[in-house]
Amino acid sequence: MNILEGLNPEQKQAVLHTEGPLLVLAGAGSGKTRVLTHRIAYLVEEKMVSPWNILAITFTNKAAREMKERIENLIGPEAHNIWVGTFHASCVRILRREIERLGYDRNFVIYDADDQKSLVKTCLDQLNINEKNFPPNSVLGEISRAKDELIYPDKFMRMYASDYRMSRIAAIYELYQKKLKANNALDFDDIILLTINILSGYPEVLDYYADKFRYILVDEYQDTNTAQYMLVSMLASRHRNICVVGDDDQMIYGWRGANLRNILDFEKDYPDCRVIKLEQNYRSTKIILDAANNVIKNNMGRKSKKLWTENSKGTPVNRYEASDEHDEAYFVARTMRELKNSGRSYSDMAILYRINAQSRVFEDVFMKQGIPYKIYGGLKFYARKEIKDVIAWLRVVQNGNDDISLKRVINVPRRGIGKTTLDRIEQYAAAEGVSMYRIISRASDYPDLSRALKSLQDFYTFVENMRGLASRTELVSFIETLIDKSGIIRELEAEMTTEGKTRIENIKEFISVAQEFSDMAEENPALEDFLAHISLVADIDDTEEVGDRVVMMTLHSAKGLEFPVVFMVGLEEGIFPSYRSATEEEELEEERRLCYVGITRAREILYITNAKCRMIFGSTAYNKESRFIGEIPEELISMPERYSSGPLQDNSFHKGSSFMPSGRIMDLSDLKARIREFNRQSAENDASEVNVGDRVIHKKFGEGTVKAKVYEGGDYRLDIHFDQYGMKRLMESFARLKKI
DNA sequence: CTCAGCTAGATTTTT
DNA sequence: TCTAGCTGAG
C-alpha cells in the first residue's frame with residue numbers, strides 16, 4: 001500500500017518533511033489526523049525509523065486511542081511500540097521511572113479536582129484563612145494557573161509581595177505543594193511540572209529521553225500551555241524533529257492556561273521551520289463552512305487562513321427558536337425521528353451544548369420519546385461517591401501517606417472513628433510532620449486517642465494485611481477481596497434501599513473495569529498502574545461505541561469529532577456565550593472559537609436552536625438569542641415554519657395557558673408580543689400571590705407555611721408545610737390559597 | 001459517635 | 001435541582 005496515496009499536495013509535503021521543525025496549520029476538517037497518522041506510517045515504513053523512537057502527543061484519551069488504531073491499520077502491530085498518549089499519560093510514564101529523584105515515592109497517587117479541593121481546605125484551616133474570603137476553587141484556579149506558567153511558590157510570593165490577597169494565596173500554594181509531597185500525591189499540573197523538573201535537573205534523564213524521541217508529533221498544539229510547551233521543547237532539543245499541528249481558531253482551553261503564543265510564535269522559536277497550511281476542507285458543505293467563516297472572522301489577531309471546499313453547497317442552516325428548553329428538546333427529538341425515517345442513522349446525529357447541565361432535558365425527553373442516546377462526559381463514573389470510596393481504599397493500601405484518601409475511608413463503613421478523633425490525629429501529624437497513617441500506627445502512644453484506640457488499631461492492621469495481600473495477589477481478585485473485607489458492600493446492603501442497590505451495581509461495574517484493564521495489559525498489572533489509568537481516563541464508557549444512538553456532549557468534548565448532522569442547542573446570551581465571559585473580550589473570543597468548533601463539526605446538516613426562556617439551576621431565565629446567530633449571514637439560514645402546531649402541542653408550558661390560541665397560525669412578531677404580554681401578566685400575578693415564608697390557609701389542609709415556590713409549566717408549584725397535614729406539593733392556580 | 005433533617009451554595013468547559 | 005456540610009438530639 002502506498003502511504004502517500006490519496007493525500008493532497010500540502011498533506012503530502014507535511015508527511016514528507018520529516019527532518020527539522022514543522023508547523024502544520026490545519027483548518028477544521030482539513031485532514032490533520034490523516035497527516036499525523038500517515039506521517040508516522042511513513043517514518044516507520046519508508047524511513048525505517050524504529051517505532052520506539054517516536055512520540056505522539058494528543059490532547060484527549062479519545063484522540064490517542066483513535067490515532068493508535070489508525071496507525072495500526074496502516075503499519076500493523078508494530079504500532080504498539082510508539083508512544084501515543086496525552087501529555088499527562090506520557091509524563092506519568094516517565095515519572096514512574098524517574099520520580100524518586102525528586103524525593104517522591106514511585107507509587108504516588110494522582111489527585112482529582114475533589115481531592116485537590118479537600119487538600120486546599122486543609123491548608124486554609126491550618127493557616128487560619130477564611131474559606132469565605134478565599135474560596136477553595138478560586139484559590140485552586142490561581143495555583144493551577146501559576147503551575148501552567150511554571151511559576152513556583154517562591155516566585156509567586158515574590159511576584160505578588162505587595163498584593164495582600166495574592167500573597168495569602170502564595171502561602172496557601174506553598175503549603176499545598178508541601179502537603180502534596182508529604183502525601184506522595186500529584187495533582188494534574190504536577191504531572192507536567194515534575195517531569196520538567198526532572199528533565200531540567202538531571203541531564204542524564206534529559207539525555208535519555210531527548211535521544212530516544214527522535215521524532216515528536218504534537219496534536220492540537222494551539223491548546224498547549226506554557227509548561228507543556230517547555231516540556232516539548234526539552235524533549236525535542238536533541239533531534240529537533242518536531243512536528244506540531246494546530247489551528248489557532250480552535251483554541252478553546254484558554255481557561256486552562258492554553259497559550260496561543262505557542263503556536264503563533266513557533267516560527268520564532270524555530271527560525272528554520274517549515275510552515276504548511278492545510279486550507280482545503282473535506283468535511284463540510286459550502287454553506288456550513290461559510291457560516292463558520294463568517295462567525296470566526298469577528299475575532300481579531302488570527303493567523304490568516306481561508307478555508308475552502310470542493311464539497312457541494314448543501315442545505316441552509318436550520319434555525320429553531322423554542323419557547324423553552326422542553327420545546328427545544330422536543331423539536332430536536334422530533335426532527336431526529338424524521339431524519340431517521342428518511343433513512344439516516346441516529347448515530348449520524350449529535351447534540352452539542354455549552355454546559356453539561358443542558359443534557360438533562362434532552363435525556364428526559366429522549367427517554368420519553370424512546371430515542372436511543374448516549375451522553376459523553378458529564379456525570380463521571382469515577383466521581384460517584386461509592387466509586388471514590390473504593391478508589392480511596394485502594395490508594396490508602398497503595399500509599400499510606402495519602403491523608404486525603406485516608407480521611408475519606410477511615411470511617412467507611414462506620415467503625416466509630418469520628419471527627420474529633422480525626423482532628424486530633426491530624427494535629428499530631430501536622431505537629432510531627434508525618435502522615436496521619438503514621439500517627440495511627442502508633443495510636444497507643446497518644447492518650448487522647450484511647451477512646452477510639454481499638455478501632456484505630458483494627459483499621460491499621462486491616463490496611464497492613466491488605467497491603468501484604470496486594471503484593472501477592474492478582475489485581476482483580478485483590479480488589480474483590482478488599483471490597484468484600486472492608487465491608488463497603490455489606491453496609492450498602494444493610495441500607496436496603498434502591499439507591500444502595502445502584503451503588504452496589506456501580507461497584508460491580510468498577511470491578512469489571514479493573515478486569516478489562518487487566519485483560520488489556522500485557523502481564524499482570526500493578527495496582528498503581530490501574531490507579532493511574534483511572535485517574536487519567538475520565539470516562540469509562542467512552543471505550544465502547546455500540547448501537548445506533550444519538551450522541552450528546554459539550555462543545556469542548558466535540559473537538560476533533562465530526563457528524564453528518566449536528567444540533568447546536570442553547571444558543572442564548574448567558575449560556576453560549578457564557579455569562580462568565582461577558583466582561584472580557586478575550587474570553588468572548590474564546591466562546592466564538594468554541595462556536596466555530598461546533599459549526600465545523602457538521603458535515604451535511606446543521607441545526608441551531610435557542611430557547612426564549614429556560615429553567616436553569618433552579619430558576620427561570622429569559623435569554624436573548626446568542627450574538628453568534630446574528631453573525632451567520634441571514635441568507636444561509638432557514639427558519640422552519642413550525643410555530644403553528646408541531647412543537648407547541650408537545651409542550652406543557654402552553655397547556656391550559658391562555659396566551660396560545662390553538663389552531664391559529666402565528667407569525668413571529670405576534671408570538672413575541674404575546675410572550676411579552678404573558679410575561680407581564682405573570683409578573684403582575686406574582687405581586688398578588690403568595691411567596692416563600694407566607695402563612696396561608698387552604699380549604700382542606702388548613703393553615704400552613706409556604707416553603708418553596710418554583711415556576712413550572714406556566715404556573716407556580718408550591719411546597720407548603722401544613723400544620724396539621726405536613727408537607728404538600730400544590731399548583732398555585734388550583735390551590736385556592738388565602739394569605740393570612 | 002451517629003443520624004436525620006435542614007440550609008446554603010454551586011454549576012463552564014477537561015487532563 | 002442536587003449535594004456537601006452543619007446542627008442538634010439521641
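Numbers restart at 1 for each chain; the letters A, B, ... are given by sequence-line order, proteins then strands.
For A/M615, the side-chain atoms get nearest to C/dT1 when compared with the rest of B/dT15, C/dT1, B/dC1.
Across all strands, A/T60 comes closer than 4.0 Å only to sugar-phosphate atoms, never to a base (heavy-atom distances). Residue A/D189 is out of contact with every strand shown, counting any heavy-atom pair closer than 4.0 Å. Within 4.0 Å (heavy atoms only), A/N411 reaches sugar-phosphate atoms of the nucleic acid but no base atom.
Look at A/N356 and you'll find a side-chain N or O under 4.0 angstrom from OP1 or OP2 of B/dT13. Contact between the side-chain N/O atoms of A/R360 and the OP1/OP2 oxygens of C/dC2 is found at a separation under 4.0 Å.
Applying the side-chain hydrogen bond (donor to acceptor under 3.5 Å, both in side chains) test to pairs two or more places apart or on separate chains, those with a residue in residues 140-151 of chain A are A/S144-A/D189, A/K147-A/Q177, A/K147-A/D187, A/K147-A/D190, A/D148-A/N225, A/E149-A/T226. A salt bridge (charged side-chain N to carboxylate O under 4.0 Å, His left out) check over residues 404-413 of chain A, counting only residues at least two apart or in different chains, returns the pairs A/D389-A/R408, A/K407-A/E426.
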Under 3.5 Å, which N/O atoms of the protein pair with N/O atoms of nucleotides 4-10 of chain C?
unit_1	atom_1	unit_2	atom_2	d
C/dA4	OP2	A/K385	NZ	3.4
C/dG5	OP1	A/K121	NZ	3.1

Contact list (N/O, under 3.5 angstrom) for nucleotides 3-6 of chain B vs protein:
unit_1	atom_1	unit_2	atom_2	d
B/dC3	OP2	A/R414	NH1	2.5

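For the segment residues 249-260 of chain A, the set of residues with a heavy atom within less than 4.0 Å of an atom of DNA chain B comprises A/Y253, A/W255, A/R256, in numerical order.
A search for ring-ring contact (aromatic ring centres under 6.0 Å, His included) contacts involving A/Y173 returns A/F156, not counting sequence neighbours.
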